[in-house]
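Reckoned from all heavy atoms, side chains included, excluding hydrogens, waters and symmetry mates. Since the structure is predicted, the reported quantities are computational estimates derived from the model, not experimental observations.
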Amino acid sequence: MLNMANSDVVDMICRKAVEVVTVDELRDRILHGGKLRGYLGFEPSGLFHIGWLIWAFKYRDLVNAGIDMYLLAATWHAWINDKLGGNLDLIRAAANHVVSVLKHVNIDISKVKVVYAEELVDDREYWGILIKVAKRVSLARVRRALTIMGRKSEEAETDFSKLIYPLMQVTDIFYLDLDVALGGIDQRKAHMLARDVADKLGFKKPIAIHTPLLTSLQGVGRMDIKGEVDDVLSEVKMSKSRPESAIFITDSDDEIRKKIMNAYCPPKQVDLNPVMELAKYIIFYDEPKKVVIERPQRFGGPLEIYTYRELEDLYISGKLHPLDLKATVADHIVDIVRPIREGVIKESGELLAGLMSHVSR
RNA sequence: CCCGCCGUAGCUCAGCGGUAGAGCGCCCGGCUGUAGUGUGGGGGCGCAGUCACCGGGUGGUCGGGGGUUCGAAUCCCCCCGGCGGGACCA
């Protein structure tokens with residue numbers, strides 16, 4: 001694993017994660033388990049959302065840690081969740097879009113094994129595993145493992161495939177013979193279900209790594225990695241009527257600035273403050289990092305900081321005004337997104353245009 | 001991963017410091033029928049039936065391992081297994 005000490009590898013894998021279940025298992029398997037296999041499954045649901053950068057960064061960490069990383073384009077899963085109007089062609093296009101973005105997040109894609117759900121579903125062994133998993137769990141347990149899909153879940157008509165969904169997530173992990181399952185904290189239920197049944201079925205018990213989710217820019221709800229019934233299709237519509245809703249990797253510099261400047265950002269408060277979260281999870285993902293807060297002399301003049309901790313202290317104490325925070329955060333987010341956006345447009349502008357035309361239809 | 005409940009007879013469970021129990025099931029018999037056992041009567045055997053009922057019988061590493069105690073199914077700790085819930089936000 002590169003030339004890093006094992007403890008440094010563990011630290012890199014765990015940094016900025018909400019939780020790792022469990023760190024002990026991770027350490028143990030790095031010491032004795034040989035080459036580890038890991039994955040992240042994503043539901044292609046439209047345009048790449050800035051919240052996804054958080055898991056993308058973590059994914060990059062895992063690749064750099066020498067873990068054999070799979071990337072599962074969960075096309076069938078997305079179809080079950082009615083993403084993109086249930087149009088599998090569009091869903092596949094969205095999957096390609098995500099792969100394209102990841103390339104421009106400096107992930108060495110040559111080391112990544114991209115797998116489409118179609119490949120899994122085409123293999124009868126996959127379904128054999130799924131049936132074994134189903135045999136080991138109660139109906140109540142499966143229900144509990146499925147992420148509530150959308151706010152209208154009570155009245156939402158649920159078809160039976162929704163119950164197969166968690167079983168597929170578990171089967172994905174076993175089928176790919178993984179040591180590590182990476183995902184947003186909203187994936188916890190599925191990962192825990194996999195851990196619950198792994199030993200019973202003789203599969204490897206996956207170590208689960210969960211990254212944080214971003215609070216939506218309005219301060220209500222979440223920009224989920226997955227699980228919303230209203231897919232990005234409607235999120236994009238929303239963003240036209242409510243420009244501050246979310247940031248997409250395709251947003252222009254001005255759009256990003258505008259969205260951030262309009263975002264919910266309670267003074268002196270860090271919890272559920274989306275602007276501070278952007279700083280914490282995206283700008284300061286790598287620390288230390290030099291960040292200059294430009295501000296007029298009459299408001300205290302410029303500040304130079306290197307860690308999120310410093311920023312948080314300044315903000316909580318009230319020494320940093322929300323407006324100055326937003327301007328600084330916007331600048332840095334723009335700097336981070338711009339090269340990704342430009343790279344993606346250059347590489348797959350056509351794909352993107354096609355996707356956007358459908359998404360905003 | 002976290003929390004809670006449960007694990008005692010084949011099944012459902014009670015017992016919760018002082019001789020391991022109940023109901024159901026299961027086995028045997030009672031009961032019914034016999035184109036067989038050369039014939040008729042009787043009985044036995046065999047075979048078949050038997051919802052319920054009656055009599056008798058059968059039921060156990062009290063999930064595993066440690067510990068406390070004169071004594072543990074019972075109290076304490078660890079583990080295993082089952083079930084339910086929780087697990088950013090809602």
Problem - Ring-face cation of A:Lys289 near A:Phe284 (centre distance under 6.0 Å, axis angle within 45°) - result: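 No - A:Lys289 does not lie over the ring of A:Phe284 by the 6.0 Å and 45° rule.
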Handout entry: First encountered from the 5' end of RNA chain B, between A:Arg195 and A:Val18
Key =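 Its nearest nucleotide lies further toward 5', so the answer is A:Arg195.
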Handout entry: Ring centers of A:His77, A:Tyr165 separated by less than 6.0 Å
Key =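 Judged by ring-centre distance (under 6.0 Å), A:His77 and A:Tyr165 do meet the cut-off.
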Handout entry: Close aromatic pair by centroid cut-off 6.0 Å: A:Tyr39 and A:Tyr70
Key =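 Judged by ring-centre distance (under 6.0 Å), A:Tyr39 and A:Tyr70 do not meet the cut-off.
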Problem - Pairs meeting criterion salt bridge (Lys or Arg N to Asp or Glu O under 4.0 Å) with involvement of residues 176-185 of chain A, two or more places apart - result: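 For residues 176-185 of chain A: A:Arg29-A:Asp179, A:Asp177-A:Lys204, A:Asp179-A:Lys204.
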Practice task
If a pair satisfies salt bridge (Lys or Arg N to Asp or Glu O under 4.0 Å) and one of its residues is in residues 118-136 of chain A, list it, with sequence neighbours excluded.
Solution key: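 Only A:Arg92-A:Glu118 qualify under salt bridge (Lys or Arg N to Asp or Glu O under 4.0 Å).
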Taking only the [atom1] atom of each, what is the distance from [N] to [M] in whole angstrom?
N	M	atom1	value
B:G33	B:U61	C1'	47 Å
B:G42	B:U32	P	14 Å
B:C83	B:G59	C1'	28 Å
B:C88	B:A14	P	35 Å
B:A20	B:G46	P	40 Å
B:G7	B:C16	C1'	15 Å
B:A73	B:U19	P	11 Å
B:C27	B:G86	P	46 Å

Could you give the [atom1]-to-[atom2] distance, from [X] to [N], as a whole number of Å?
X	N	atom1	atom2	answer
A:Gln187	B:C89	CD	C1'	14 Å
A:Leu213	B:A90	CG	C1'	12 Å
A:Trp52	B:C88	CH2	P	21 Å

Exercise for the section: Identify whether any heavy atom of A:Val21 sits under 4.0 Å from a base atom; if not, whether one sits that close to sugar-phosphate; answer base, sugar-phosphate or nothing. Expected result: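 A:Val21: backbone/sugar contact only, no base atoms under 4.0 Å.
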Is there a Watson-Crick or G-U wobble partner for [N] with both distances under 3.5 Å, and which nucleotide is it?
N	result
B:U61	none
B:U50	none
B:G18	B:C70
B:C5	B:G82
B:G40	none
B:A87	none

Practice task
Could I get the full list of side-chain hydrogen bond (donor to acceptor under 3.5 Å, both in side chains) partners for A:Asp108, not counting sequence neighbours?
Solution key: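 If we apply the side-chain hydrogen bond (donor to acceptor under 3.5 Å, both in side chains) test to A:Asp108, skipping adjacent residues, the hits are A:Ser110.
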Exercise for the section: If a protein heavy atom is under 4.0 Å from the base, mark B; if only from the sugar-phosphate, S; if neither, -; do that for nucleotides 80-87 of chain B going 5' to 3'. Expected result: --S-SBBB
Problem - side-chain contact (heavy atoms from CB on, under 4.5 Å) against A:Asp24, all qualifying residues, sequence neighbours excluded - result: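 Applying side-chain contact (heavy atoms from CB on, under 4.5 Å) to A:Asp24 gives A:Thr22, A:Arg27.
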Handout entry: Residues forming a side-chain contact (heavy atoms from CB on, under 4.5 Å) with A:Glu294, sequence neighbours excluded
Key =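 Scan of A:Glu294 (side-chain contact (heavy atoms from CB on, under 4.5 Å), adjacent residues dropped) gives A:Val292, A:Pro302.
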